[in-house]
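Order of the sequence lines fixes the chain letters, A, B, ..., with proteins taken first and strands second; residue numbering starts at 1 for each chain. All of these numbers come straight from a predicted model, not from anything done at the bench. No hydrogens, no waters, no symmetry mates; every other heavy atom, side chains included, goes into these values.
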Amino acid sequence: MTALLSLKRVSKRFRGLLAVDGVSFAVSAGDLFAIIGPNGAGKTTLFNMIAGAIVPDQGSINFAGKPIGGLPADAVCRRGIARTFQIVRPFPALTVEDNVIIGALLHIRDVGKARTRAGEILRSLDLFEQRNRIAATLTLPDRKRLEVARALATEPRLLLLDEVMAGLRPTESDRMVAILRSLNRDNGLTIVLIEHVMRAVMALASNVLVLDHGIAIAQGKPEAIVRDSAVVQSYLGAEPV
Amino acid sequence: MPRRINITRRRLLAGAAATGLAAPSIVRAQGTGARAPLKVGVLLPRSGFEASIGQDCQRGVDIAPAILRSLGLPELTVMNADTESNVDVARQRAEKLINDGAQLLIGAFDSGQTTAIAQVAEQKGIPLVINIAAAPDITEQGYKFVFRNFPTAPMILGDAFENQMELFRIIGSAPKSVVFMHVNDTFGTAMAKGINAVMPKFNVPYKIVDEIAYDPTARDLSVEVAKAKGSNADALLLVSRLNDAMLITRELVKQRWTPQAILSMGPGWYEDQYLKTLGKLSDGPISFVPFEDPNKKLAKSLQAALAKAYPGLNLSTNHVYTFEALLIAADAYKRAGTSDPKGLADAIRTTNITDNVSIGPGIQFNAKGQNDKLKNGAIQNRGGKLATLAPKAAANAKPEWPMGSYANRT
Amino acid sequence: MAAKTSASFVDPFIRIAVSLFEDVSRQTIALLGILLASLLIVPWLVNDYLLTVLIVVLYFAFTGQAWNIMMGFAGQLSLGHAIYVGLGAYIAAVLFARFGIAPWIGFLAVIPVAAACGATIGFLAFRFRVAGVYFAILTIAFAEFARIGFDHLDYVNASAGLFLPVAQYARNDLWHLRGNPTMFYYVILAAAAFAFVVCRALLKSRIGYFWLAIREDEQAARAAGIDTFRYKMAAVMISAVITSFAGVFYAFFYNNLFPEQVFNISRSIEIILGPIIGGIGTLFGPILGAFVLTGLAELLNAAMAAIGFDLPGAKQVFYGICLLLVVVALPEGVWPWLARRIGVSESRQ
Amino acid sequence: MPIDVYLNVAVAGILTGLVYGLMALGLSVIFGVVRVVNFAHGEMMSIAMYLTVLLFSGLHLDPLVMLVPIAAVLFVFGYALQAGLINPFISRPEHSQFLLLVALALIIVNALLILFGPDARTVQTSYAFDSFQWGALIVDATKLYAGAAAIIAAALLFAFFRFAPVGKAIRACADNYTGALVVGLDVKRLYALTFGIGAACVGAAGVMMTLIVDVTPMIGPAYTLLAFVIVITGGLGSMAGALLGGLLIGVTEALAGLLFTPSAKSMFAFAILVLVLLFRPQGILGKRSI
């Protein structure tokens with residue numbers, strides 16, 4: 001089976017700092033893939049390169065068999081990769097519904113149909129009651145879910161989630177885990193997530209990649225990763241599960 | 001002053017309507033009696049970028065009533081309006097004045113604003129007497145109610161060359177070459193366009209070696225003057241405004257160049273502020289401009305009135321022609337014996353004032369509403385005063401030629 | 001069969017027409033109706049002076065609406081909209097003065113030029129990532145280019161000014177835009193109403209949503225798959241074309257054109273004051289703003305005349321103070337505040 | 001055209017450019033720190049110019065003597081303006097700030113018109129018409145003094161931001177707003193100070209400008225635009241950039257006036273601006289900000 005997303009020796013340098021250093025990995029369709037690592041390990045940079053926000057210096061990124069490295073963000077999204085931002089960025093002055101409609105309009109040209117679709121997504125993420133509120137007035141967990149909703153509305157084949165659990169209380173985080181699992185299992189959506197909350201990673205991920213100082217130091221099933229001595233030393237040692 | 005700023009649309013309309021609608025009834029009440037003062041709306045750019053000229057013109061309005069009275073002319077009620085140097089405001093103000101009962105309009109110095117006003121006047125059938133505006137097109141549009149007692153750009157040019165030739169005859173010499181500097185605004189461009197057509201008609205002894213157009217908002221004319229100096233011409237031929245006339249003079253002094261003569265065909269060089277600001281350095285330039293005839297009786301009384309109201313101020317073109325516009329209005333009102341606009345317009349068309357202020361045989365209008373009898377004068381700055389050199393009928397001094405070096409004046 | 005085809009042909013238009021007013025509250029429709037009805041009968045009620053004032057109001061309501069597409073919808077601050085007014089004015093006027101071509105046909109020639117001009121500015125700005133204040137200055141620079149360029153363009157009589165032949169007032173010639181203020185009033189009223197409807201249609205369409213996304217957060221908009229370059233270009237070009245019609249109107253209403261007047265920065269500023277005061281990004285904002293500003297200016301004139309206070313510049317000082325107070329007190333503009341007061345909801349877009 | 005004409009024009013362009021630069025410096029300082037675009041900049045300068053004219057005609061004080069006191073007056077004006085009016089607008093969108101300052105500019109222009117009348121006012125110093133001659137090179141004395149004063153004023157400003165504790169605090173504030181808050185800097189006061197300093201710069205520039213040009217109430221808007229062109233060319237927020245931009249625009253306009261028609265010379269200034277925006281959007285010496 002060919003991978004849905006594959007990266008080969010991708011590197012990115014900012015001024016002197018090598019933020020991502022020759023990272024390769026592959027995500028197969030239907031996978032729920034987690035990227036973990038300490039702060040500054042290069043996780044978000046890696047995400048930004050996949051999503052087209054940053055052009056890689058070296059290496060290739062392939063999605064569904066075609067190279068996407070260096071494509072602009074909107075083109076990447078139209079190919080079927082949607083993302084959320086580490087620091088949430090809903091359209092602040094617009095309503096919750098309008099936020100999601102904008103996502104839905106990518107593939108649905110009719111505004112009325114996009115609104116219907118947005119309603120379905122909002123329902124599935126428990127945001128329907130809030131659809132007429134201005135996005136800026138939502139609580140953080142709601143804004144995080146709103147961003148997921150907007151991303152889902154673009155009908156992606158692959159969803160990139162940048163720390164959607166960060167800052168959530170355990171109950172909220174569990175709710176998010178349930179939503180993601182359902183998206184993955186029931187809808188067959190491939191998900192790549194960056195996460196600090198190891199509890200969520202262990203509960204969700206089918207594969208884990210560990211980054212440290214821009215280098216992929218380990219990759220495998222979550223159970224195996226937890227036992228990996230290098231990982232424990234560099235990362236888990238500092239922040240026990 | 002507005003009491004509150006959050007005015008609703010309805011209240012605003014109601015308020016405006018109240019002021020607007022009340023006026024016409026007053027007109028009707030007054031319009032019946034022939035002896036009632038004629039209501040004259042005066043539109044001038046008294047704020048905005050032409051404020052300086054607009055306010056100077058206004059002085060001509062302010063000193064007019066007493067003189068007109070002394071001439072036995074009927075009373076005028078002057079209604080002032082500020083065009084803010086803006087075409088749309090000019091149009092709105094004109095509508096407002098007519099609405100408030102103005103029976104005749106005067107204005108507006110600037111050609112653009114004047115055209116906008118002319119349309120309203122024409123449409124309403126209210127006569128407009130243009131005080132100053134030189135764009136030839138205004139009286140080429142077929143207006144029936146628009147009259148201009150000011151020369152067009154080609155007229156100014158023709159007279160300028162005629163007077164220059166007379167001057168050169170008196171002196172017995174002439175410059176061989178000139179550099180032509182002009183401001184790139186409405187008036188300056190109209191003059192520059194006209195010069196190629198008009199100059200060949202006169203046997204002008206000099207060649208224009210270079211033409212330098214400069215920005216009307218120029219902050220610094222050192223480059224322009226350096227360029228003119230570099231052309232090695234004998235004299236400077238100019239169309240400028242007040243502020244740039246002063247800038248050019250300063251640069252001439254600093255760059256140590258005194259041309260044989262400074263021949264100006266526009267405002268600036270003979271204006272009061274130029275003389276006052278530059279003192280001794282203002283002496284010498286000769287201006288070929290529409291101006292007063294100092295030998296005329298009315299010119300003397302206008303001078304006296306101005307001296308009384310604004311001590312220390314020299315009479316300017318702005319005063320002369322704005323005053324004459326009011327003179328035309330009062331004269332027409334007297335002859336028409338009615339404030340009916342149509343009657344007024346007919347009376348203006350048959351105007352024949354010989355006892356006026358400006359140079360030339362007097363005030364008459366041709367079929368297009370243009371006074372084509374107007375003549376320019378040649379005037380020279382002498383010790384802070386103005387001496388008229390030409391035409392012969394208006395002359396009161398002999399030219400000083402060539403002008404004295406700037407280097408020996410301080 | 002025939003009936004069915006014609007129905008399916010008409011159908012989209014009906015749907016558009018219906019969609020224009022769906023999810024509009026009853027108060028809003030009532031308000032719109034009252035506004036339109038009173039504007040329609042105005043020429044019978046007021047004198048020519050007030051009519052001229054209303055023409056100016058509607059002129060700014062129109063240009064404000066057009067500018068709002070760029071700033072209020074797509075978030076691109078243009079301070080050089082005078083360039084489109086000037087282009088429209090000069091092209092239509094020259095075609096009429098030299099070749100006798102009617103302004104409506106002239107406008108057809110204006111459209112591609114205005115669109116190309118907007119596209120040029122937009123392309124340079126968006127390709128080279130010129131944004132925010134820098135974009136604003138770029139637009140000023142282009143308007144200044146045009147001003148100086150036309151000041152030297154002999155074909156349009158350079159800075160000596162272009163004059164249109166005198167209007168025939170005896171009859172209203174709508175085709176050649178020659179006539180009395182009442183005719184001009186209805187022309188600009190139709191234009192303003194058209195701009196309002198177009199703006200609402202745009203705002204409720206796919207492109208409108210994408211513009212709002214770009215205005216709110218350009219990076220997030222791209223992440224949602226929006227080709228921001230393309231839609232920003234569309235905003236500039238649509239705004240430019242609509243604005244350019246104001247130029248055609250201007251030329252035929254005032255009958256003379258000077259580069260110094262039409263392309264002046266103060267013209268661009270006049271255009272944007274209305275929508276900012278009225279409420280940026282709203283549909284009623286530009287209309288209300290135009291009423292407030294022009295009304296305020298006339299009111300100050302009338303007030304000063306009433307107390308016999310004739311001091312050049314004083315009106316502008318009071319006007320400036322009023323602007324200052326409004327912008328301090330009502331940061332979102334007058335319309336969002338007023339809408340809340342009178343209970344009309346226009347979602348804060 | 002003889003070569004010495006080029007030389008003379010270029011030197012004049014450099015000197016005028018320096019004064020332009022000082023004026024623009026104020027705008028750059030304000031934007032670099034407070035992030036407010038001062039659309040009333042030229043109008044503020046015209047206030048300083050009128051103050052100079054008043055003091056000169058009333059007390060016969062040489063403009064160069066009045067440099068410091070007038071800069072001080074403008075400092076107070078700028079400080080009060082920021083603290084009283086502009087501060088709430090810092091977090092507001094650009095168009096809102098724009099409107100506020102445009103309204104302010106309108107008030108200033110017309111208040112000056114009412115107070116001083118429409119006619120141009122001038123300061124005629126004893127050296128107003130002096131010039132120095134070295135061979136073919138003739139240098140305008142007032143421009144030379146103004147240019148020298150511009151350099152000194154700019155140097156003082158550089159020193160202030162580099163060495164004075166308050167200057168360093170302001171720089172910290174400009175670099176990192178939240179950081180400045182965290183370490184306990186009184187940001188509001190620093191902003192007001194910065195605005196004051198920017199106003200003082202433009203005040204000093206106004207004093208020098210009166211040596212070179214006549215002042216009218218309407219002079220402001222043109223200078224506001226000029227300051228923008230200069231600052232954006234040089235790099236908004238960069239002090240050296242403002243001076244460099246002033247020089248560049250001064251010399252460009254001068255030489256363009258010589259080589260082409262002078263009436264179109266400001267077109268060349270705008271052309272430079274557009275080129276800089278396209279190829280180095282942050283300005284020649286500006287830092288790329290987000």
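If you measure heavy-atom distances from D/T261 to chain C, the contacts under 4.5 Å come from the side chain alone. For a residue to count as touching a neighbouring chain, one of its non-hydrogen atoms must lie under 4.5 Å from one of that chain's; by this rule D/L273 touches chain C with the side chain only. Using a 4.5 Å cut-off between heavy atoms, C/L311 touches chain D through its side chain atoms alone. With a 4.5 angstrom heavy-atom cutoff, D/F39 touches chain C only via side-chain atoms. With a 4.5 Å cut-off on non-hydrogen atoms, C/V130 touches chain D through its side chain but not through its backbone. Of the atoms belonging to C/L324, heavy atoms from both backbone and side chain fall under 4.5 Å from chain D. For chain D, the nearby part of C/I269 is the side chain; its heavy atoms alone come within less than 4.5 Å.
Rounding to the nearest 0.5 Å gives a distance of 12.5 Å between CZ of C/F318 and CG of D/L106. Note: C/L79 CG to D/F98 CZ = 4.5 Å, rounded to the nearest 0.5 Å. From D/H95, atom NE2 reaches atom CG of C/L77 across 8.5 Å, with rounding to the nearest 0.5 Å.
Your options are D/L99, D/L85, D/V109, and the one with the most heavy-atom pairs under 4.5 Å with chain C is D/L99. In terms of heavy-atom pairs under 4.5 Å with chain C, the best-connected choice from D/L101, D/L225, D/L112, D/I108 is D/L225.
The closest side-chain heavy-atom distance from D/E94 to C/V133 is below 4.5 Å. Put simply, the side chain of D/P221 does not reach to within 4.5 Å of the side chain of C/I265, judged on heavy atoms. Between D/F89 and C/V328, some side-chain heavy-atom pair lies under the 4.5 Å cut-off.
D/S263 and C/H152 share a side-chain donor-acceptor pair at under 3.5 Å.
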